[in-house]
Trainee: 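There's a structure below that I have some questions on.
Here, residue 1 is the first one in the sequence, and each next residue gets the next number.
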Amino acid sequence: MGRYATLDMAKRHLNIEDAFTDDDDYIEGLIEVAEEKVAAELCMDVDGMASINKGGSLPAPLIQAILLTIGAYYTNREDITTVQTRPLEYGVKYLT
């Protein structure tokens with residue numbers, strides 16, 4: 001389970017009903033991956049992100065960056081796509 005984003009937060013972000021639990025383990029894995037990715041963007045480890053707000057919760061832009069990353073990975077589960085994609089204009093890069 002993630003340290004900063006919860007399964008409930010991720011499912012709400014992904015518009016997944018609470019009753020649908022088939023992907024819960026997968027989503028929890030994505031939470032961990034997304035937190036690691038955002039931490040790497042900040043040049044720190046996941047535990048180090050706790051120091052950003054002096055041990056409190058993460059600032060809202062970092063939570064949003066984690067959720068956007070989860071959404072991108074949940075939607076695009078393959079290494080390749082037949083659709084041309086491009087980064088969101090004000091996506092994760094601008095939040096971290």
Side-chain angles (χ1 to χ4, degrees):
M1 170 119 49
R3 181 164 178 173
Y4 305 104
T6 65
L7 178 61
D8 183 56
M9 289 169 64
K11 287 177 82 166
R12 281 186 283 131
H13 178 75
L14 297 169
N15 291 319
I16 297 173
E17 297 289 330
D18 289 336
F20 180 76
T21 59
D22 292 357
D23 285 351
D24 284 4
D25 289 338
Y26 180 68
I27 296 167
E28 286 179 347
L30 291 179
I31 292 168
E32 290 183 38
V33 169
E35 289 180 355
E36 290 283 347
K37 181 183 182 303
V38 169
E41 291 283 333
L42 297 169
C43 299
M44 59 177 52
D45 61 18
V46 174
D47 291 333
M49 289 197 303
S51 66
I52 293 172
N53 244 4
K54 298 184 177 157
S57 60
L58 285 185
L62 294 182
I63 294 292
Q64 187 62 29
I66 291 167
L67 292 173
L68 286 172
T69 302
I70 292 166
Y73 290 165
Y74 186 81
T75 301
N76 302 294
R77 297 181 186 204
E78 303 298 328
D79 192 32
I80 59 170
T81 181
T82 58
V83 178
Q84 187 175 13
T85 61
R86 64 182 180 85
L88 289 173
E89 191 169 329
Y90 293 102
V92 174
K93 178 180 173 184
Y94 298 97
L95 294 171
T96 57

Trainee: Tell me if a side-chain donor or acceptor on Asn53 pairs with a main-chain N or O of Ser57 at a distance below 3.5 Å.
Mentor: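 It does hold such a pair.
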Trainee: Taking atom CD of Glu35 and atom CG of Leu30, what is their separation to the nearest 0.5 Å?
Mentor: 11.5 Å
Trainee: Between Ala34 and Ile66, which heavy-atom pair has the shortest distance, and what is it?
Mentor: CB-O, 3.6 Å
Trainee: To the nearest 0.5 angstrom, please state how far the CD1 atom of Ile31 sits from the CZ atom of Arg3.
Mentor: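 So the gap between those two atoms works out to 14.5 Å.
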Trainee: Decide yes or no for Met9 and Ile63: does some side-chain heavy atom of the first lie under 4.5 Å from some side-chain heavy atom of the second?
Mentor: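 They are in contact (side-chain heavy atoms under 4.5 Å apart), so the answer is yes.
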Trainee: Do the non-hydrogen side-chain atoms of Asp18 and Asp8 ever get within less than 4.5 Å of each other?
Mentor: yes
Trainee: Would you sort out whether Leu14 and Asp23 count as a side-chain contact (heavy atoms from CB on, under 4.5 Å), showing the intermediate values?
Mentor: CA-CA 11 Å; Leu14 297 169; Asp23 285 351; over 6 Å; no
Trainee: Between Lys11 and Asp24, does any NZ, NE, NH1 or NH2 come within less than 4.0 Å of an OD or OE carboxylate oxygen?
Mentor: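 The answer is yes: the pair qualifies as a salt bridge.
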Trainee: Between CZ of Arg12 and CG of Leu7, what distance do you get to the nearest 0.5 Å?
Mentor: 10.5 Å
Trainee: Between Tyr73 and Lys37, what is the shortest heavy-atom contact and its length?
Mentor: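 Minimum heavy-atom separation between Tyr73 and Lys37: OH-CD, 3.3 Å.
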Trainee: Within the 4.5 Å heavy-atom criterion, are Ile52 and Met44 side-chain neighbours or not?
Mentor: yes
Trainee: Can a cation-pi geometry be assigned to Arg77 and Tyr74, taking NZ or CZ under 6.0 Å from the six-membered ring centre and within 45° of the ring axis?
Mentor: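 Yes, a cation-pi geometry.
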Trainee: Side chains of Ile16 and Ile27: closer than 4.5 Å at any heavy-atom pair?
Mentor: yes
Trainee: So, taking the atom named CD in Gln64 and the one named NE2 in His13, what distance separates them when rounded to the nearest 0.5 Å?
Mentor: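 Spacing of CD (Gln64) from NE2 (His13) equals 6.0 Å.
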